[in-house]
Structures are given as structure tokens and as C-alpha cells.
Amino acid sequence: MLDPQPARVRFAPSPTGRFHIGGARTALYDFLLARQTGGQFILRIEDTDRKRFVPSAEDEIIESLHWLGLDWDEGPDIGGPYSPYRQSERTDIYRQHAEELVAHGHGYYCFCTPERLSQVRQRQQKLKQPPRYDGLCRKLDIEEARGRIADGESYVIRFKTPREGSTAAVDLLRGPITVENSSLDDYILLKSDGLPVYHLAAMVDDYLMEITHVFRGSEWLPTFPLHVLIYEALNWKQPIWVHLSIFLNPSGKGKMSKRDAGVREIYVLDLKQMGYLPEGLLNWIALMGWSYDDHTEFFTLEDLIEKFSLQKLHPSPAAVDYKKLDHFNGNHIRSLTTSELVDQLRPHFEREGLIVNEEILQEITPLVQERIRTLEEAVEIAGFFFREAPEPEPSELVGKKMTIDESIEAIRRSSEVVESFTTLDVESLEEALRALAEDLGLKAGQLFGILRIAVTGQRISTPLIESMVVIGKEEVLNRIAHALEKLESYTGAT
RNA sequence: GCCCCCAUCGUCUAGGGGACUAGGACGUGGGCCUUUCAAGCCCAAAACCGGGGUUCGAAUCCCCGUGGGGGCACCA
């Protein structure tokens, strides 16, 4: 299972938007391969697009990766031997390589304006031809071109894609992908603002940073042969290429996007807010595009590092399934120790504006651990522990198939039972309450239902008896008395 | 329109010529447990896109359809 060669793998997002689970999966696989082989995981920021640049994006990427526990060995924030790791700080390097391509006849200067380009495109579209650069500047005399540049004319550098033949690019998951060179364009490598485009920058950096395995989205498949052509033009040895398929919407129709039906959330930091654990999220996305065997599905990050393998990656697109996320998250919550869960839970209660009593939090954590799938659910079922006495609806205090008077009697007698205790303990309290129910001719569920509303104010909560013990005799009595008052002045009118 | 990729239960997947009356998980339905909600346990329904080949034999290999996805920018 262990790849003997230490892999150098990079995650190279562009800071143009928020960090979503698709990026997280790519980063995860990068991380796993690096850790498994004892290699390096590198973070590189591809910020060569000034127009789409979002200042806060890099921070979000970093925060998300840290939260997920995918720590890198080299990156813009910590530096490293191949620094800098932000492409906007490496512009000279790209220009140098673009010029080298020109010098060796694999690239050329182009002076066509965006206006002319769009006219050409329009014409081609009208003629139902594939939109491509028409090659006007391709045969320009190099000296003439240099002269125009010296005169200050705006220009770009294009790749001189071979007109003949075909190129085979080898993807690890799909084998060779072959296209006619004529179907490739003379792509722009260096923009008129002097900054490179992905096709140049990523190739140059991957090579110079000695990246051994490139994981990227399958949206790069169409230009994959171009990238190989660039490698060949520069006479460089290629890395191993792995194209990961995209995530589809829950419906399986279309690329996963924030707005589609069934999509709960796609941004890592928002999923965190919703109460998902890094482990749950990681387990979920790891299994979309990779599998271990025919029955193992619960993985910690450590497990994944140990068990991940390139051979088990597969190329078909996967629809996101949030029900499955819930399931994995619930499992990971259950595998936490109590004190770990306490720490995870605290901020979720506090975010709700609740004042968290540490002692109570400790006591209720085991109560919620078995029944929540997200941390937020703990707030739903156990928030009442940190709130003032509830104000239950009188109508809710009437037991199932019971009259108001019967319910009042049940509450009164319960109060007496609680009163008889010096301190509450689960076993005897349950015993006493069950005896009371029997005495009243009620099913335990009827009595407990009334008390649940009286004590917690909720229909759904942590187990009643345990909850009462945590709340304590005095406060339980207060709440029961309050409920009794409410019910006694209740006429039954709706 | 052109190019590229993909194709097993609703979903994520196991499977890489005979071990397949196709396995697991989520979800769904039913049952058990039960103080609510969960969790847990048991059971059930549920798939090899179609057609041609290759082969003694195909979910597995090839071709063609079909379906789905992606790409065709001085964005990544």
C-alpha cells in the first residue's frame, strides 16, 4: 500500500470565491498521498486573475484547511524551499518561461486586440466553426514583433500549438486521452498585463516545485493535452496526472452549486457552523471518488492516511448526499470522548446566546452524544438546560388521552414524588415515577410526556429522568409548580 | 455546433472474464427496543443503460448507439 517514493503534492486553489467541499476533497487526496508516502503537501495560491480576485478568499482557504486538519508543509503563510507560493509573487518566472518558449519557436507574440478577437469569434460562430484564434500573428516576423513591443504596443504571448498530428495525455484514472492538435487553440500563456494564465503558471510551478502528482478537477481534461504539449516544448518530465471528477447536485443533474434544490451547504466553513465535525466531513468526501473495499466505510483521518491508494480512485462523477454526511457525522460524534464532545458542543450553545454552565455541560454531553448527528442538534434538544424556566403551552401539558383534571392530578402527584427525595438520582426517581404512573392508571409514556413538557418545555429532549437529575430537585419542583399553575388556569378552550 | 470524459440499486460504491441467484453503506418500508427524539438490532424492496461483437463463458474486453457530465476567455 505504501508508495515507496515520497510524493510532493500541491493543492493550488485560486482565491476567487469561497472554499467548498469540492476543493476540500482535492486537498484531502493531496494531503493523504503526501502523508502516506512521507512526502510534502504544499499549498500554492493561484492568484493571477486580478479581476476575479477576492481579498478574503485566501484566509478562508487557510482557515478551512486548518479546521479540516489538512496541514501543509510549504505554503504562502509558512514559506518553504520553493518560495514564494503565491503566483502573483512569481511573475518574473512565468515571463521568463514564456519568452523561452518564444525563443525556441513554441510561442509567439500576438498583438490582436480583444475587440478583433471577439469579432473573429463571432464570425466563426456564425459559420458554425469552433471558436479559435485565427493565427494572424503566428507568422509575424520575430524582429518586427520585438520592434512593435519596443514601441510600447500591447501584446500577449501565445502557445504555438502544432497544426498537425495528435497528442496523447495520460491520466492515471482514464489512460491516454488523445486529441487532434488541430482541435487545440493557440492559447494565450502570458496576458497583456504581464501575468500568466493557468496554462503557463501551473505548469511552470508544478515543474519548478518538483510536484510528482497533480490532482485537479476534470474540467481540465479538455486542455490536458495542451499542458502536455507545454511540458514537451519545455522538455520537462511530466508528473503523474490525476483528474478528479466533479461533484454533482443531489439530483445527480448538473455540477454541484449552491443554489440547487437539495443542496444544504457547500462551503466548508458554513458546514462547520452547521455542526459538522472535520472527521465527518472528511469521511464523507473521501468516499466520493475513492473507496477502500466492499464494506469498510468509517474512517478517521489517520485511517485514510494509512488506507488511501491511487488504485482505488475512480473517475465517474458523484452526486452529493447530505443524508450520508449526517450519518458519518453522527458516527464520528459518537466516537468522540466525552471531553472532546464537550469542547465541540460549547461554542454551539454559546452561539445561540446561551450562558453555558460547565458542570451541566459535562453532565448532559453523554445524554446528547447518542442521539445527535450534528452539533447543532444538541442545541435543539438540550438548549433548555441553559435557559430560564420554560413557558409551556397549557394545552401541551395535557397528557395523551387524558383530561385536564387528570393531568393536573398527575403533575401534583409528581411534585410530591420529587419532593420526597433528598437528592434526585436516576434509578430511584425512575422507579418512583413509574410506580406513580401505575398508581394513576397511566402508561409511563403518558406521565413522562407531561413532565417532559413541564420540565424542558419541549416535546423532544434529552431523556426525561436524567434531565431532571441534572436540573436538580429544587429547580424541577419550581418548573413543575409553574406548569401546574398554568394548567390550573387553563379552561381547555383553544 | 465542435471537443473531451463518464455509465452497477434513488444515492455513494464493491466488482477488473467463470467465486454473481451482483456484495456493503446511506436513504426508504416493516419489525424489535422504548419516556420523546435518536441510537442500536433484525428483516425487506431496490441495480449491471440499449444493441452488436470477442469468448466455451461477460457487470467485467471491443464497437456503435443512448443518457449524463464537463470544456470551447487576455478565468481558473
Side-chain angles (χ1 to χ4, degrees), chain A residues 12-17 46-49 51-52 110 112-114 117-118 121 124-125 127-132 154-158 171 173-174 177-180 183-185 187-193 195-199 201-202 216-225 243 245-246 248 250-255 284 287-298 312 314-328 330-331 334 368-373 377 380-381 430 433-434 437 443-449 451-453 456 458-465:
Chain A
S14 74
T16 52
E46 310 216 326
D47 57 347
T48 55
D49 185 345
K51 296 190 203 79
R52 295 199 307 156
C110 173
C112 295
T113 62
L117 261 21
S118 88
R121 243 193 307 275
Q124 289 166 330
Q125 266 165 10
L127 295 171
K128 301 216 168 184
Q129 290 172 345
R132 272 199 271 282
S154 181
Y155 70 100
V156 302
I157 291 179
R158 285 181 183 274
D171 173 73
L173 311 183
R174 299 161 241 260
I177 289 161
T178 309
V179 300
E180 294 298 320
S183 75
L184 262 16
D185 205 347
Y187 293 89
I188 287 173
L189 262 23
L190 200 74
K191 299 181 280 180
S192 58
D193 63 3
L195 293 180
V197 125
Y198 174 90
H199 302 309
R216 35 141 58 164
S218 62
E219 65 269 24
W220 293 114
L221 245 19
T223 45
F224 181 21
H243 293 86
S245 278
I246 54 157
L248 268 22
S251 64
K253 306 263 183 208
K255 196 179 187 172
W284 181 51
L287 259 15
M288 287 192 269
W290 174 82
S291 63
Y292 178 63
D293 59 18
D294 66 348
H295 65 281
T296 313
E297 43 139 34
F298 182 86
K312 302 289 281 182
H314 80 117
S316 46
V320 294
D321 179 356
Y322 289 92
K323 292 278 182 53
K324 202 141 189 172
L325 203 213
D326 284 343
H327 172 254
F328 283 129
N331 283 158
R334 256 157 259 128
V368 301
Q369 185 157 23
E370 293 304 310
R371 60 197 77 236
I372 58 174
R373 306 162 82 110
E377 283 175 12
E380 290 166 26
I381 67 169
E430 176 164 359
L433 251 19
R434 281 184 188 282
K443 286 187 166 183
Q446 288 176 292
L447 211 215
F448 288 10
L451 291 177
R452 184 184 305 283
I453 294 288
T456 72
Q458 307 177 175
R459 286 214 119 91
I460 299 170
S461 75
T462 44
L464 179 65
I465 311 294

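Lettering of chains follows the sequences in order, A, B, ..., and the numbering in each one begins at 1.
At a cut-off of 3.5 Å, with distance as the only test, no side-chain donor of Y187(A) or R132(A) sits close to an acceptor on the other residue.
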### Query
What string of B, S and - do you get for nucleotides 71-76 of chain B, 5' to 3', if B is base contact, S is sugar-phosphate-only contact and - is no contact with any protein heavy atom under 4.0 Å?
SSSBBB

### Message
Counting primed atoms plus P, OP1 and OP2 as sugar-phosphate and everything else as base, spell out the protein contacts along nucleotides 31-43 of chain B at 4.0 Å heavy-atom distance: B, S or - for each nucleotide, 5' to 3'.
### Response
----BBBBS----

### Task
Would you give a per-nucleotide map of nucleotides 10-22 of chain B, 5' to 3', where B means the base has a protein non-hydrogen atom under 4.0 Å away, S means only the sugar-phosphate does, and - means neither?
-BBSSS-------

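We find that NZ of K323(A) is positioned 13 Å from P of C26(B), with the value rounded to whole Å. The distance from atom NE2 of H243(A) to atom P of C5(B) is 12 Å, rounded to the nearest whole Å. Distance CD1 (I177(A)) to P (C4(B)): 10 Å, rounded to an integer number of Å. Between L173(A) atom CG and C4(B) atom P there is a gap of 19 Å when expressed in whole angstrom units. Taking atom CZ on R174(A) and atom P on G69(B), their separation rounds to 16 Å, with Å as the unit. Atom P of nucleotide G70(B) and atom NZ of K253(A) are separated by 12 Å, given to the nearest angstrom.
Nucleotides A46(B) and C41(B) place their P atoms 24 Å apart, quoted to the nearest Å. Remark: the separation of the P atoms in U54(B) and C63(B) is 15 Å, to the nearest Å. The P atoms of G52(B) and U13(B) are separated by 30 Å, rounded to the nearest whole Å. G50(B) and U66(B) are spaced 15 Å apart, taking the P atom of each and rounding to whole Å. A gap of 22 Å separates the P atoms of U11(B) and G30(B), to the nearest Å.
At a threshold of 4.0 Å, the pair R373(A)-E377(A) does not count as salt-bridged, since none of the basic side-chain nitrogens sits closer than that to a carboxylate oxygen. Between K323(A) and D326(A), none of the side-chain N atoms (NZ, or NE/NH1/NH2) sits under 4.0 Å from a carboxylate O, so this pair counts as no salt bridge. For the pair D321(A) and K324(A), the salt-bridge criterion is not met [side-chain N within less than 4.0 Å of a carboxylate O].
With a 4.5 Å cut-off on side-chain heavy atoms, L190(A) and L195(A) do not count as touching.
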